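Shown next, in structure tokens, is the structure this report addresses.
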Amino acid sequence: MGFTIGGSRSTKEFRSGSRRRGRTSECTAVAEYTGLWGWDVVPGARAAAPARDCSCGHTNCSTPGAHPLPLAPTVAAGATLDEVTETWSGYPGAAVLLPLGRAFDVIEVSEEAGRRALVRLERMGLPLGPVTATPDGRAQFFVAPGAAAELPQLLYRMGWDDADLDLRALGVGAFLTAPPSDHAGLGPVGWLRPPALDSAGGPPQARLLLGTLAYICHRLRR
């Protein structure tokens with residue numbers, strides 16, 4: 001195992017420099033998520049390339065660099081920069097993870113499908129929330145909570161239930177790696193559509209986007 005996040009060795013080795021750097025990078029990003037957008041944040045594990053060993057310390061980790069650190073606290077929505085810094089200093093170098101199923105769920109498609117859908121949805125004038133792009137080629141559309149549970153019924157109603165679609169919804173129990181953090185040792189996550197004051201706190205209902213996303217996923221499959 002190449003490194004550890006959250007343990008005593010990591011804290012001793014990186015405390016002096018990481019706290020200063022963290023206040024201007026991870027901590028600033030976390031404080032923006034909690035204070036400006038109203039999202040909860042959890043310190044997450046990271047994976048080191050090229051072997052992608054997970055910082056949680058488990059050699060057979062099933063989701064290296066893409067899960068919360070053991071016993072890590074949730075930094076609650078509304079936390080200030082000082083409050084974030086106090087918590088994050090105990091987890092220097094941790095990834096920034098957003099728990100799903102609270103302020104939003106996510107509909108995930110390929111990045112190509114996501115980029116095409118964004119152009120079409122914007123032309124249609126439909127409401128949109130934030131959209132991330134992951135280093136493994138996925139686009140994640142923020143939608144109202146409950147989408148993951150409703151997805152099978154929504155697809156059925158729209159006639160897409162028997163289609164072979166590269167599309168899934170993630171909700172309660174899942175976590176999204178947020179920019180600017182590295183995801184699973186593959187590279188940083190970025191924004192295809194960054195948060196905005198008019199949408200971050202109230203993402204659109206999944207049904208408003210799902211028809212377009214499903215159609216484009218179907219076309220790309222063909």
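One-based numbering along the sequence shown. All values reported here derive from a predicted model rather than from experimental measurement.
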Closest approach of A45 and C56, non-hydrogen atoms and distance? CB-N, 4.4 Å
Examine distances only and state if a side-chain atom of D40 and a backbone atom of A76 form a donor-acceptor pair shorter than 3.5 Å. no
Do H67 and C61 touch side chain to side chain, with heavy atoms closer than 4.5 Å? yes
What's the spacing between R123 CZ and T212 OG1 if we round to 0.5 Å? 12.0 Å
For residues L213 and Y156: do they belong to one hydrophobic cluster (side chain heavy atoms under 4.5 Å, members Ile, Leu, Val, Met, Phe, Trp, Tyr)? no
So which heavy atom on S181 is nearest to which on T177, and how close? CB-CG2, 3.8 Å
Closest non-hydrogen contact found for Q205 with A144 is NE2-CB, 3.5 Å
Begin from the C-alpha positions of L186 and R52 and carry the test side chain to side chain contact (heavy atoms under 4.5 Å, CB included) through to its verdict. CA-CA 8 Å; L186 299 172; R52 298 178 62 206; 4.0 Å; yes
Do H218 and D166 have side chains that approach each other closer than 4.5 Å (heavy atoms only, starting at C-beta)? no
Determine the minimum heavy-atom distance between Q140 and E108, stating which atoms define it. NE2-OE1, 3.0 Å
Can you give me the closest heavy-atom contact between Y91 and A72, atom names plus distance? OH-CA, 3.7 Å
hydrophobic_cluster_shared for V42 and L98, side chain cutoff 4.5 Å: no
Show the numbers, then the answer: is there a side chain to side chain contact (heavy atoms under 4.5 Å, CB included) between L118 and V131? CA-CA 9 Å; L118 270 177; V131 185; 4.1 Å; yes
Rounded to the nearest 0.5 Å, how far does CG of L155 lie from CG of D162? 10.0 Å
Please answer whether the main-chain N or O of G129 pairs with a side-chain N or O of S199 as donor and acceptor at a distance below 3.5 Å. no
Fit a plane to each ring of W191 and Y33, take the angle between them on a 0 to 90° scale, and name the class: parallel (under 30°), tilted (30 to 60°) or perpendicular (over 60°). perpendicular
Would you say the side chains of E32 and W37 form a donor-acceptor pair under 3.5 Å? yes
Other residues, nucleotides and ligands only: do more than 12 of their heavy atoms fall within 6.0 Å of CD on E86? no
How far does OH of Y215 sit from CZ of R116, to the nearest 0.5 angstrom? 10.5 Å
Please tell me if the side chains of V41 and T74 come closer than 4.5 Å, counting only heavy atoms from C-beta onward. no
F175 reachable from V172 in the ILVMFWY side-chain graph, under 4.5 Å edges: no
Atom pair CD1 (I216) and OG (S110), whose distance is rounded to the nearest 0.5 Å: 9.5 Å
Quick check for you: to the nearest 0.5 Å, what is the distance between R168 atom CZ and L170 atom CG? 4.5 Å
Assess the side chains of T80 and D82: does a donor N or O sit below 3.5 Å from an acceptor N or O? no
Looking at side-chain heavy atoms only, is the closest gap between R193 and E122 below 4.5 Å? yes
Within the distance-only criterion (no hydrogens, no angle test), does the side chain of D105 pair as donor or acceptor with the backbone N or O of A147 below 3.5 angstrom? yes
With distance as the sole test, does T87 use its side chain to make a donor-acceptor pair with the main-chain N or O of V84 at under 3.5 Å? no
Can you tell me how far apart OG1 (T132) and NE2 (H183) are? Round to the nearest 0.5 Å. 9.5 Å
Under 4.0 Å between a side-chain nitrogen and a carboxylate oxygen: does that hold for D53 and R46? no
Is there side-chain contact between L97 and P43, with heavy atoms separated by less than 4.5 Å? no
Side-chain touch R102/P145, heavy atoms, less than 4.5 angstrom: no
State yes or no: do L197 and F142 share one hydrophobic cluster built from I, L, V, M, F, W and Y residues joined by side-chain heavy-atom distances below 4.5 Å, directly or via other members? yes
Looking only at heavy atoms, the pair that brings P188 and P135 closest together is O-CD, 3.8 Å
Might you work through the side chain to side chain contact (heavy atoms under 4.5 Å, CB included) test for V189 and L176, ending with a clear yes or no? CA-CA 10 Å; V189 177; L176 178 144; 5.8 Å; no
Chi angles and distances behind the side chain to side chain contact (heavy atoms under 4.5 Å, CB included) call for V30, W88: CA-CA 9 Å; V30 173; W88 219 261; 3.9 Å; yes
Should the heavy atoms of other residues, nucleotides or ligands under 6.0 Å from CZ of R120 be counted, would the total exceed 12? no
Apply the side chain to side chain contact (heavy atoms under 4.5 Å, CB included) test between F141 and each candidate in V106, V109, L210; give the one that qualifies. V109
Linking I/L/V/M/F/W/Y whenever any side-chain heavy atoms sit under 4.5 Å apart, do F104 and I107 land together? no
